[in-house]
Amino acid sequence: MSKEIPYKIYLEEQEMPKAWYNLRADMINKPAPLLNPGTLKPMTAEELSAVFCDELVKQELDNDTRFIEIPEEIRNFYKMYRPSPLVRAYCLEKKLGTPAKIYYKFEGNNTSGSHKLNSAIAQAYYAKKQGLKGVTTETGAGQWGTALSMACSYFDLDCKVFMVKVSYEQKPFRREVMRTYGASVTPSPSMETNVGKKINAEHPGTTGSLGCAISEAVEVAVGTPGYRYVLGSVLNQVLLHQSVIGLEAKAALDKYGEKADIIIGCAGGGSNLGGLIAPFMGEKIQKGTDYRIIAVEPASCPSLTRGKYAYDFCDTGMVCPLAKMYTLGSDFIPAPNHAGGLRYHGMSSVLSQLYDDGLMEATTAKQTEVFQAAETFARVEGILPAPESSHAIKVAIDEALKCKETGEEKTIVFGLTGTGYFDLVAYEKFHDGKMDDYIPTDEELAKYAAKLPKVEL
Ligand SMILES: *Cc1c(COP(=O)(O)O)cnc(C)c1O
């Protein structure tokens, strides 16, 4: 059994997953359905088809099909940058002096710099197959917009990105990568949409939010013939596509007879974590395997740990369906100095349900301790991690240090979702001691929670 484990476990091309795993098929309590904000009835396929492509609507609503085939064109695209390595963090283990084995699944090895390309390519493929002309979307930190622009250029689709204004101004390089791949990039809130004009009028000088950019992108998609909207996280379909991360990770561990004890991921909208844990959680539900699964969110945007489990709007403009999720309220805007991209007010319905069922844990990390962990990691493992990913690093290090105290040889697997080359302003603030750890007060959170829509079912 005990083959020597290499630094990087790569699967062979022919060992890559041929189907996505739909965890919902194995969930006892299914995630709550999206609701029509007008009627408060579950959104029908027909209603959703005005916003999303048909095949993606099917995937969104499918709580039953366990495996959904990955079309060959998508698999071929995946082959350009996948399989991604499962890295044994020997150097980090040594540095920490821990008996724990630490692995990370590295998704930053593509130009978009994150896991988001896994779903972008799928969504672009189905849009093209339906004969659409283009897609619209929002982007916060810019990773999703970059991934989508790469996917759209591959399939020759128009790509219109509403980029949160503060990022548009602070991250001009991301913007230029998107334009290189042919996307048009508009700072949000803009004056191109009704919702953008309204938000600009109500909050002059606002630097925008993801929720607001979503409203703008949806408005343009619904109002432009041949266009649909695509979203980079939160939705069931995105978690489905991201299951390639977990399927590959599990196959790589299985190859060496390794079993994970603790699985850790950062959680913004929940897509990388949902994808990473999918096959492990499926096994936990079906066979009772004792995987400890931990979501890590920023202390400044703590939707799972301090939010309410309730129906809420997915966007600020309230044009999108209502989703039942752990949420801070759709007009919650996290502290502007927060460096990472984990700024969404809600959490995927799938993860919210699993968390509510006690099948996974959640914890928060403060910004400065996250950057401290990022630096520790970079100095021994070489990779410059994205601030988002570094939330997972922080908790993986904490767990490894606990093992050092107890002498337990646990196997820890975490998701290293991306690289941080475009986040160097945040690193600069950290190095200059100018980064703070803003944590919202209970009063502040209560103010937003009080505005949650009243949905009686
Ligand atoms: C977008 C992003 C995240 C958070 O999104 P999830 O949907 O929660 O996965 C995490 N890491 C990186 C690098 C990202 O780009």
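The first residue of the sequence shown is numbered 1, and numbering continues consecutively from there. Just so you know, ligand 1 is whichever comes first in the structure, and atom 1 is the first atom listed for that ligand.
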Residue His115 vicinity, atoms of ligand 1 by number, heavy atom under 4.0 Å: 2 (C), 3 (C), 9 (O), 10 (C), 11 (N), 12 (C), 14 (C)

Other residues, nucleotides, ligands: >12 heavy atoms within 6.0 Å of Lys259 NZ: yes

Under-4.0 Å salt bridge between Arg66 and Asp26: yes

N or O contact, Gly270 vs ligand 1, cut-off under 3.5 Å: yes

Close-contact set for ligand 1 against Gly268 heavy atoms, below 4.0 Å: 8 (O)

Quiz item: cation-pi between Arg175 and Tyr168, 6.0 Å / 45°: yes

Numbered atoms and elements of ligand 1 in range of Ser233, under 4.0 angstrom, heavy atoms: 6 (P), 7 (O)

cation_pi(Lys171, Phe173) dist<6.0 Å, angle<=45: no

Mode of Ser271 contact toward ligand 1 - side chain, backbone, both, neither (heavy atoms, under 4.0 Å): both

Contact atoms of ligand 1, heavy-atom distance to Glu388 under 4.0 Å: 10 (C), 11 (N), 12 (C)

Heteroatom distance test (Gly269, ligand 1): nitrogen or oxygen, under 3.5 angstrom: yes

Ligand-residue contact atoms, ligand 1 with Ser114, heavy atoms, under 4.0 Å: 13 (C), 15 (O)

Test of ring centre spacing under 6.0 Å for Tyr126 and Phe52: no

Protein residue, atom and distance nearest to atom 4 (C) of ligand 1, heavy-atom basis: Leu342 CD2, 3.5 Å

Mode of Glu107 contact toward ligand 1 - side chain, backbone, both, neither (heavy atoms, under 4.0 Å): neither

Minimum-distance protein heavy atom relative to atom 13 (C) of ligand 1: Thr417 OG1, 3.2 Å

Lys/Arg-Asp/Glu bridge criterion (N-O < 4.0 Å) met for Glu107, Lys116: no

Ligand 1 versus Val238: contacting region, heavy-atom distance under 4.0 Å: neither

Passing option when Ser271 is tested against Gln242, His241, Gln237 for side chain to side chain contact (heavy atoms under 4.5 Å, CB included): Gln242

Closest to atom 3 (C) of ligand 1 among Met347, Arg343, Gln143, Lys116 (heavy-atom distance): Lys116

Test: Lys402 and Asp398 ion pair at under 4.0 Å: no

Residues Glu93 and Arg88 bridged, charged N to O under 4.0 Å: yes

